[in-house]
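As structure tokens, the structure follows; a few thoughts come after it.
The sequence lines fix the lettering, A, B, ..., with proteins before strands; numbering per chain opens at 1.
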Number of protein chains: 2
Amino acid sequence: MRAEEREEIVRLPLLAACRPETADFLLRGAFVQRFPAHTNLTREGEKADFLYAVLSGSIELSAAYLDRETTIAVIGAPHTFIVAAVVLDRLYLQSARVMEPARILMLPSESVRQAMRGDAGFATAIAEEMANSYRNVAQELKNQKLRTSLERLANWLVHRDKETGGGHRFVLPYEKKILAARLGMAPEVLSRAFATLAQYDVHVDSATIIVKDWKALEKLAHPDPLIDDETI
Amino acid sequence: MRAEEREEIVRLPLLAACRPETADFLLRGAFVQRFPAHTNLTREGEKADFLYAVLSGSIELSAAYLDRETTIAVIGAPHTFIVAAVVLDRLYLQSARVMEPARILMLPSESVRQAMRGDAGFATAIAEEMANSYRNVAQELKNQKLRTSLERLANWLVHRDKETGGGHRFVLPYEKKILAARLGMAPEVLSRAFATLAQYDVHVDSATIIVKDWKALEKLAHPDPLIDDETI
DNA sequence: CGACGAATTGAGTTCACTCAACTGGGGTGG
DNA sequence: CCACCCCAGTTGAGTGAACTCAATTCGTCG
């Protein structure tokens, strides 16, 4: 591992709070790897061999049941994924696939568990990471159970707009197909939902979204910090 | 706090792995309280002042949006709830209400965070607790996104039957209204789903369920360990 | 006995999925 | 360079799933 890379890594929230020895120990067994788009990193049901952290690029987490499949989340830097399976030494509940070409840090799961037992700072960082993940899924569950598909889309747009600087004009970060799965609807339903949003002055030009009447969209969306804000 | 109570408490998964001093420290600020049914312990949006652990009884976690409301989970002993908000010192995302009269251990959230920083064993236990919670919600999200309401009910019955000893005959642990919310459907839909299950030889007599043709139910349910099993 | 709420049942509507046809852009190979 | 194909996306039509509103039954508790 190169020195600059190492510096980048120890700045990750996960490692920033642990003792230098712990970081050394963890990084001895670790490696960073680049993956092209569409690489499968994990498949649900497999044993958790590594903890993954995204250094750049993005990862799609998905799950399948019978002949159905859905997207659970999309992860970007500097976040980790499938930590829970590592902490508990269990099976992955989700499959992870590279969406945008990614640089990934991989830590052997046994080292992670060992480091937790020996370093309260690291264990705390893992707990905080898990807590964040928990809250994100819990919010997503509320989103699914309490909102219609049109509301979910409207709120996703509101949220995405804030995230990209509030310019009321932005580009979808991934295919509509995947967005539909993320929002829990069939692609056709997403398409129709976008069509409906034209009434609210939301203009869609392929992957570019322009929100002309922000108030109208927000009124439809009824954003709720307890569902939509990541750090509340 | 009485000695016998103390013994019961330090056997909780959360405290079993921490140093004696940490347990002492945590229990100094802690207290155990009995609550009657329907008591509201937390409301979503409030600051996280306590970590709660269920010693007996059961707790319903719910969330609201506009005029809608749903049940996120039902928690029994010896589990904790709303740990994530405590770990991160944020707002509760869920409301907690006593379902069956309960004895609850309450730990001041600042003590919890302090104890984590000083005791790797405790921090690890918290991380494991969080990891479990994460996996449960993630499974619930998959359940919601990948299954129809009839499938969710069928799988809930299969799971509940196993949990109660596999006698193919058991009593619903709470009102159908709440079960409906837990499963993500309107009460009327649950009622009709039960009616449909008569075709699969599932008999419902008020709160008592009798599964006469286990194979038929299981074939309908298609249980999946990655959605339905709590410790896989 | 009456009041209340849980649960069921009916009827109508809305929401969301499926299947199918069509469009348009990007890439490949002739 | 162009023809072709493939896939994402859209649109249409029909079906099925789930919600709402309303009426009724039943058990529980004052």
Rounding to a whole Å, what distance do you find between [X]:[atom1] and [N]:[atom2]?
X	N	atom1	atom2	value
A:F194	D:dG9	CZ	P	10 Å
A:L146	D:dC19	CG	P	12 Å
B:L179	C:dA7	CG	P	9 Å
B:I209	C:dA7	CD1	C1'	13 Å
A:L153	C:dC15	CG	P	15 Å
B:L150	C:dC17	CG	C1'	16 Å
A:Q144	D:dC19	CD	C1'	17 Å
B:K145	D:dA17	NZ	C1'	18 Å

### Task
Check the side chains of B:H203 and B:D205 for a donor-acceptor pair under 3.5 angstrom, ignoring hydrogens and angles.
no

### Query
Does a side chain donor of either B:E129 or B:H79 reach within less than 3.5 Å of an acceptor in the other side chain?
no

### Message
Does B:S206 reach a base, just sugar-phosphate, or nothing at all? Heavy atoms under 4.0 Å.
### Response
nothing

### Message
Which nucleotide wins on minimum distance to the side chain of A:M185, given the candidates C:dG10, C:dC17, D:dC19?
### Response
C:dC17

### Summary
Quick note, B:E188 side chain, CB onward, closest among C:dG10, D:dA18, C:dA20 is C:dG10

So, does [X] get its side chain near the phosphate of [N], meaning an N or O under 4.0 Å from OP1 or OP2?
X	N	value
A:S149	C:dA16	yes
B:S191	C:dA7	no
A:K177	D:dA8	yes

### Lys NZ or Arg CZ of B:R147 over A:Y65 ring: under 6.0 Å, within 45°
yes

### Query
Between the side-chain atoms of A:R192 and the base atoms of D:dG9, is any donor-acceptor pair under 3.5 Å?
no

### Query
D:dC7 base to A:E175 side chain: any donor-acceptor pair below 3.5 Å?
no

### Task
State plainly whether the residues B:R135 and B:E140 are in salt-bridge range, i.e. N to O under 4.0 Å.
no

### Summary
Taking for B:I178 and for A:G184 the nucleotide of DNA chain C with the nearest heavy atom, the one nearer the 5' end belongs to B:I178

### Query
Rounded to the nearest 0.5 Å, what separation is found between the CZ atom of B:F81 and the OG1 atom of B:T42?
6.5 Å

